[in-house]
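Report on the following structure.
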Amino acid sequence: MKLEIESLSPKQKFVNVLLLSFSFMLVFTGFQTCGMVEETVLNSYINQTSVNGTSSFKGDGYTSLAIIYMVFAFANWLAPSVVSIIGPKLSMVIGAAAYVLYLASFIKPLTGTLYAGSVLIGFGGAILWTGQGNFLTINSTKETMARNSGLFWAILQSSFLIGNLYVFFAWKGVETITDKQRIPLFIGLTAVSAIGIFCMLFLTNTPKTQTTGNDEDDKIIDATAQTENDDAALLDSHAPQSKAQEAYKALVESFQLFKTRDMALLSVTFFYTGLELTFFSGVYSTSVGATKQFGSDSDKLVGLVGIMIGIGEIVGGLIFGIFGKKTIKYGRDPIVLFGGFAHILVFFLIFLNLPADSPISRAGTMDTGYITPNSTLAIFCGFILGFCDACFNTQCFSIIGVTYPDQSAAAFALFKFVQCLAAAIGFFYSSYLTLPYQLLILVVFDFAGMITFVVVERGLQYRDRVANSYPDIPS
């Protein structure tokens with residue numbers, strides 16, 4: 001009996017990548033904007049609803065984000081198994097739905113729904129991002145992976161712009177965020193994220209191989225498909241396994257990989273990316289909004305800082321993603337070192353510009369840093385924070401793909417596990433530590449992350465040189 005191997009055309013795959021990118025941009029327009037303004041919004045809601053100094057709402061933005069990333073971290077151990085059972089497209093749709101429900105809870109904040117939504121979005125985020133990694137890789141080849149990853153990153157990070165532009169203009173001259181500002185914002189963010197889910201429904205699944213029902217014939221067909229599409233589906237395993245076997249294999253593979261030397265070293269870098277994610281996505285914008293020395297438009301600056309972070313991310317994504325073939329010839333470590341030292345510089349500028357109690361002052365602060373707070377400097381620091389984050393994340397994606405080409409699903413899940421665990425820890429201590437101590441922690445892990453990344457990268461370069469010099473010696 002004649003059997004055919006079905007596959008998507010390169011054009012169909014590229015359309016999939018574009019649709020995936022814009023779907024994520026829409027979903028994360030809601031969540032990225034929420035993360036930027038969450039602490040400011042909830043602090044204003046507490047002050048607005050307080051009677052004799054007591055409010056019925058006990059929720060805290062930092063605590064909510066900490067719960068999200070803590071659940072997200074540990075759910076990453078199970079996410080590859082879930083994706084292997086239900087597939088990447090359905091995983092992304094279900095995961096994105098959790099984001100929509102979380103955003104909707106801010107229309108009328110309640111302590112219970114805030115924290116329940118935080119747990120829900122933690123699970124949803126794990127399967128959403130694992131599904132994304134699987135789907136992106138299936139729709140890429142060795143030649144298009146760098147282009148597709150850079151394109152996805154740049155389009156995704158433009159999500160910083162849309163919601164924050166609204167905040168910048170709608171909150172102009174606003175000193176306290178009331179229902180008049182909060183409700184339209186979160187209705188809009190919820191709707192935009194829901195549109196993102198709708199777009200995901202139009203993603204085209206990669207057709208599965210036709211089979212005869214005979215295991216031996218299936219193996220022959222699968223081997224043929226692997227030969228013909230070797231570079232077309234980097235994550236797709238053609239071995240005839242049951243869903244349960246695939247799920248168990250994904251879990252075991254993750255545990256084994258976590259114990260290797262290179263992954264242990266890279267985990268230090270991954271941990272730092274989680275800490276700096278906490279800082280630029282939640283703490284910094286909150287600190288700017290709480291610095292009343294900026295005047296009546298301090299809350300408006302939250303939106304402008306978010307926009308500049310997004311522009312920095314996009315610029316970094318374009319330079320190190322789309323033009324990755326040119327930048328990579330000098331190695332990944334110079335990019336990480338540049339981003340790391342630029343981070344240290346911007347942390348010092350923030351230390352000078354913002355008051356020490358700005359991250360933890362619910363009602364705002366009239367204190368100053370070591371200089372009179374300067375709004376232009378605050379905006380510039382936002383751009384550098386975004387650009388440096390792109391330096392680290394694009395190179396982490398790159399080194400994972402090169403170091404673990406046959407275990408990329410497990411490797412990316414571990415990356416997200418360590419990163420989200422660090423983010424959760426960062427959001428927990430952000431409620432208690434003043435700005436100088438938070439910046440000190442960042443500087444320490446910045447240095448450590450740079451060192452461990454360079455060690456792994458130089459090791460890879462050495463092994464490549466040996467392999468090229470002695471091709472007959474197994475690596």
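Each residue takes its place number in the sequence, starting with 1. Side chains included, hydrogens not; waters and symmetry mates left out as well; all remaining heavy atoms used.
In summary, the aromatic rings of W153 and F24 are positioned with their centroids too far apart to meet the 6.0 Å limit. Ring centroid separation for the pair W129 and F415 does not come in under the 6.0 Å cut-off.
Side chain of N393 to main chain of D389: a donor-acceptor pair is present (N/O by atom type, distance under 3.5 Å, no hydrogens or angles). Not one N or O on the side chain of S193 forms a donor-acceptor pair closer than 3.5 Å with the backbone of T190. Side chain of T278 to main chain of G426: no donor-acceptor pair is present (N/O by atom type, distance under 3.5 Å, no hydrogens or angles). Without hydrogens or angle criteria, K89 side chain to L203 main chain gives a donor-acceptor distance under 3.5 Å. In this structure, the side chain of T260 does not engage the main chain of Q256 through any donor-acceptor pair within 3.5 Å. The closest donor-acceptor contact from the side chain of T273 to the backbone of F270 lies under 3.5 Å. Judged purely by atom type and a 3.5 angstrom limit, T130 has no side-chain atom pairing as donor or acceptor with the backbone of I127.
Ring planes of F427 and Y69: parallel class, angle under 30° (limits at 30 and 60°). Using cut-offs of 30° and 60° on the angle between ring planes, the pair F28 and F31 is perpendicular. Aromatic ring orientation, Y102 versus F106: perpendicular (interplanar angle above 60°, classes split at 30° and 60°).
The salt bridge (charged side-chain N to carboxylate O under 4.0 Å, His left out) check on D446 picks up nothing, with sequence neighbours excluded. Checked against side-chain hydrogen bond (donor to acceptor under 3.5 Å, both in side chains), S118 has the following partners two or more places apart in sequence or in another chain: S64. Residues satisfying the ring pair (Phe, Tyr, Trp, His ring centres under 6.0 Å) test with F271, not counting sequence neighbours, are F445.
In this structure, L42 CG and R182 CZ are separated by 9.0 Å, a value rounded to the nearest 0.5 Å. Note that OG1 of T286 and CZ of F279 are 10.0 Å apart. Values are rounded to the nearest 0.5 Å. Expressed to the nearest 0.5 Å, how far CG of L156 lies from OG of S21 amounts to 8.0 Å.
Residues L161 and I314 meet the side-chain proximity criterion, which asks for heavy atoms closer than 4.5 Å. Contact check for I309 versus F383: no side-chain heavy atoms found under the 4.5 Å cut-off. Counting heavy atoms from C-beta outward, I121 and F72 have side chains that stay 4.5 Å or more apart. Residues L266 and T452 form no side-chain contact, since every pair of their non-hydrogen atoms from C-beta on lies 4.5 Å or further apart. Using a 4.5 Å heavy-atom threshold, the side chains of L421 and F74 count as touching. In this structure the side chain of I155 never reaches within 4.5 angstrom of the side chain of F152, judged on heavy atoms. Inter-residue side-chain proximity for P109 and L114 is flagged as unmet; no heavy-atom pair is nearer than 4.5 Å. Counting heavy atoms from C-beta outward, F351 and V443 have side chains that stay 4.5 Å or more apart.
A pairwise comparison of heavy atoms in M263 and L257 identifies CB-O, 3.4 Å as the closest pair. Heavy atoms only, all atoms of each residue included: L26 and I195 are closest at CD1-CG2, 3.9 Å. Closest approach of G131 and V83 over heavy atoms only: N-CG2, 3.8 Å.
Here side chain to side chain donor-acceptor pair (under 3.5 Å) pairs that include residues 429-443, with residues two or more places apart or in two chains, are D60-S431, S430-Q438. The side chain to side chain donor-acceptor pair (under 3.5 Å) pairs that include a residue from residues 341-353 are Y272-H343, where partners are two or more places apart or lie in different chains. Residue pairs meeting the side chain to side chain donor-acceptor pair (under 3.5 Å) criterion with at least one partner in residues 370-379, sequence neighbours excluded, do not occur; the list is empty.
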